[in-house]
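Reviewing the structure listed below.
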Amino acid sequence: MRNRIYLCLAHMSGKEMDYIQEAFDTNWVVPMGPNVNGFEEDLEKFVNHKDNGASLDRRVVGLSAGTAAVHLALLACGVGPGDEVIVQSFTFCASSHPITYLAAVPVFVDSERESWNMDPALLEEAIKDRMAKTGRKPKAIIPVALYGMPYQIDRIMEIADRYGIPVIEDAAEGLGSKYDGQVLGTFGRYGVLSFNGNKMITTSGGGALICPDDSAKKEILFYATQARESYPYYQHEHIGYNYRMSNICAGIGRGQMTVIDEHINHHKHVQELYCELLSGVEGITMHCNPSDCYDSNFWLCAATLDPTLRIRGQENAYASVVSGAVGGAAGVTHAASTATTDCQPNANVEALRVILDAANVEARPLWKPMHRQPVYRTSPAYCNGVSEELFHTGICLPAGPYVSDDDVRYIVDTIVGAIVR
């Protein structure tokens with residue numbers, strides 16, 4: 001039996017234990033310390049480099065999660081109760097849930113077909129409409145680097161700057177992805193990174209916020225460490241959060257930074273191999289860089305299935321409620337009441353997922369658009385149907401550092417063997 005091929009698991013470099021041991025030896029087993037400082041410095045060097053030889057001067061704060069980074073960026077942009085924040089609908093819930101933490105209102109914007117990310121034309125339509133209906137501008141805009149693919153940041157920034165709205169780039173899935181040679185997360189006012197166990201590099205759990213300058217970094221650090229004032233006792237004049245990254249986790253991150261380029265290159269290689277091996281398979285289309293401006297890290301390799309493509313067993317798709325651990329390391333702890341919902345992947349996509357699962361290959365549907373999530377059923381949404389269409393037809397294929405060329409060939413052979421001729 002072939003070993004399980006996981007969607008994406010970060011690979012250890014061997015250096016991690018050195019930094020972790022140093023933390024124990026020096027008794028820095030706390031949410032601060034030399035590893036945190038060193039990891040932030042490594043990240044600053046990485047994100048500030050541009051392909052044309054120029055450099056930026058952004059600052060980075062290590063945090064407990066990418067979700068925490070979104071939350072603190074919103075707080076720093078002045079988002080509060082009743083405010084509206086425009087956010088990409090085609091994303092994981094961590095992009096939108098922090099908006100609700102602040103009692104603000106997410107306003108969802110659909111995707112354009114090329115990158116699958118926020119549609120700039122719909123973005124401007126949403127801004128104008130919200131201003132007309134509420135008399136106020138949205139307080140922030142959150143585009144998302146879906147599966148590592150860059151968004152049209154040049155157009156998004158032009159629109160945002162014209163209306164004077166700060167941009168928070170959610171590059172949690174796009175560490176190392178670039179647009180026109182510049183690293184994602186460095187265009188807007190803030191940039192969000194994630195180091196979850198399935199990301200391009202990992203700290204086991206953790207994230208970071210890219211800040212525009214030292215002053216902004218100082219403010220984020222203040223709120224990330226319980227908003228303590230500078231007295232010899234605990235004085236609190238603002239509500240803060242326990243969001244700082246631990247020195248142990250940061251030690252893992254420092255080791256991971258030694259292999260980040262290797263990881264990114266491997267993901268790109270896996271994407272190229274999928275494209276090559278699936279190029280002659282009718283009805284399956286890989287999601288690729290739309291133009292030379294885009295340089296995705298291909299955190300996950302995504303494909304779409306033509307609705308007419310027939311997969312073995314699709315007539316029995318959704319015949320029973322899914323049981324067992326699905327959905328990543330956290331799994332699912334709340335059992336579904338029905339096998340189906342009113343918005344789900346097509347039967348051929350689900351059938352292919354089941355066949356791959358039986359072959360010990362982890363595959364998943366694309367993110368379900370947030371505007372179709374029950375929890376956001378009353379939120380404003382500006383839609384063109386693109387994200388729903390992609391959700392109906394898309395599937396994510398394994399791409400992590402542990403995925404070998406032979407694994408990709410095995411996955412493709414399994415896919416081809418699942419097609420009904």
With distance as the sole criterion, is a donor-acceptor pair present between the side chains of [X] and [Y] under 3.5 Å?
X: Thr393; Y: Glu389; value: no
X: Gln373; Y: Trp367; value: no
X: Gln226; Y: Asn242; value: no
X: Tyr179; Y: Asp154; value: yes
X: Ser387; Y: Asp110; value: yes
X: Tyr294; Y: Ser115; value: no
X: Glu350; Y: Gln314; value: no

First locate atom [atom1] of [X], then atom [atom2] of [Y], and finally report the distance between them rounded to the nearest 0.5 Å.
X: Leu305; Y: Thr308; atom1: CG; atom2: OG1; result: 9.5 Å
X: Asn37; Y: Asp42; atom1: CG; atom2: CG; result: 11.0 Å
X: Asn289; Y: Ser296; atom1: CG; atom2: OG; result: 5.5 Å
X: Asn196; Y: Ser204; atom1: CG; atom2: OG; result: 8.5 Å
X: Tyr318; Y: Thr341; atom1: OH; atom2: OG1; result: 7.5 Å
X: Glu158; Y: Asp161; atom1: CD; atom2: CG; result: 7.5 Å

ring-ring contact (aromatic ring centres under 6.0 Å, His included) contacts touching residues 380-418 (sequence neighbours left out): His11-Tyr402
Residue pairs, two or more places apart or on separate chains, that pass ring-ring contact (aromatic ring centres under 6.0 Å, His included) and touch residues 185-204: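 Of all non-adjacent pairs touching residues 185-204, those that pass ring-ring contact (aromatic ring centres under 6.0 Å, His included) are Phe39-Phe195.
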Pairing residues for Ser95 by the side chain to side chain contact (heavy atoms under 4.5 Å, CB included) criterion, not counting sequence neighbours: Val87, Thr91, Val144, Asp170
Contacts of Asp407 that satisfy side chain to side chain contact (heavy atoms under 4.5 Å, CB included) - sequence neighbours left out: Arg2, Ile5, Val403, Ser404
Show me the donor-acceptor pairs within less than 3.5 Å that the side chains of residues 205-216 make with the rest of the protein, sequence neighbours left out.
unit_1 : atom_1 : unit_2 : atom_2 : d
Asp213 : OD1    : Ser215 : N      : 3.3
Asp213 : OD1    : Ala216 : N      : 2.8
Asp214 : OD1    : Arg59  : NE     : 2.8

Determine whether a donor-acceptor pair (N or O, by modelled atom type, separation under 3.5 Å) exists between the side chain of [X] and the backbone of [Y].
X: Gln271; Y: Cys301; answer: no
X: Lys137; Y: Tyr163; answer: yes
X: Glu84; Y: Val105; answer: no
X: Asn48; Y: Arg58; answer: yes
X: Gln88; Y: Met118; answer: yes
X: His267; Y: Phe298; answer: yes
X: Ser111; Y: Trp116; answer: yes
X: Ser177; Y: Gly148; answer: yes
X: His49; Y: Leu56; answer: no
X: Gln256; Y: Ile201; answer: no

Compare all side-chain heavy atoms of [X] with those of [Y] and state whether any distance is below 4.5 angstrom.
X: Ile20; Y: Ile252; value: yes
X: Thr67; Y: Pro98; value: yes
X: Thr100; Y: Pro106; value: yes
X: Ile355; Y: Thr414; value: yes
X: Cys93; Y: Met370; value: yes
X: Ile284; Y: Ile419; value: yes
X: Ile127; Y: Ile159; value: yes

Residues Ile395, Leu352; criterion side-chain contact (heavy atoms from CB on, under 4.5 Å); working and verdict: CA-CA 9 Å; Ile395 193 166; Leu352 182 58; 4.2 Å; yes
side-chain hydrogen bond (donor to acceptor under 3.5 Å, both in side chains) pairs, two or more places apart, involving residues 274-285: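 The answer is none; no pair qualifies.
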Pairs where residues 139-153 contributes a residue and the test side-chain hydrogen bond (donor to acceptor under 3.5 Å, both in side chains) is met, not counting sequence neighbours: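 Listed once each, the pairs are Asp83-Lys139, Glu112-Gln152, Tyr151-Glu169, Gln152-Arg155.
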Between [X] and [Y] (salt bridge meaning N to carboxylate O under 4.0 Å), is one present in this structure?
X: Asp129; Y: Lys133; value: yes
X: Arg162; Y: Glu124; value: yes
X: Glu219; Y: Lys217; value: no
X: Glu40; Y: Arg244; value: yes

side-chain contact (heavy atoms from CB on, under 4.5 Å) between Lys368 and Cys343, worked out: CA-CA 8 Å; Lys368 182 169 183 173; Cys343 182; 3.8 Å; yes
For Asp357, side-chain hydrogen bond (donor to acceptor under 3.5 Å, both in side chains) partners two or more places apart: Arg4
Residues forming a side-chain hydrogen bond (donor to acceptor under 3.5 Å, both in side chains) with Ser89, sequence neighbours excluded: His371
CA sep, side-chain torsions, deciding dist, call: Arg113, Asp119, salt bridge (charged side-chain N to carboxylate O under 4.0 Å, His left out): CA-CA 8 Å; Arg113 291 188 180 277; Asp119 185 325; over 6 Å; no
Return the set of residues passing salt bridge (charged side-chain N to carboxylate O under 4.0 Å, His left out) with [X] (not counting sequence neighbours), or none when no residue passes.
X: Lys178; answer: Asp51
X: Arg377; answer: none
X: Asp292; answer: none

Derivation and outcome, side-chain contact (heavy atoms from CB on, under 4.5 Å), residues Ile248 and Asn35: CA-CA 7 Å; Ile248 299 297; Asn35 279 336; over 6 Å; no
Pair His71 and Tyr243, ring centroids less than 6.0 Å apart: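 When the ring centroids of His71 and Tyr243 are compared, they turn out to be within the sub-6.0 Å range.
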Geometric class of the His269/His266 ring pair [parallel <30°, tilted 30-60°, perpendicular >60°]: tilted
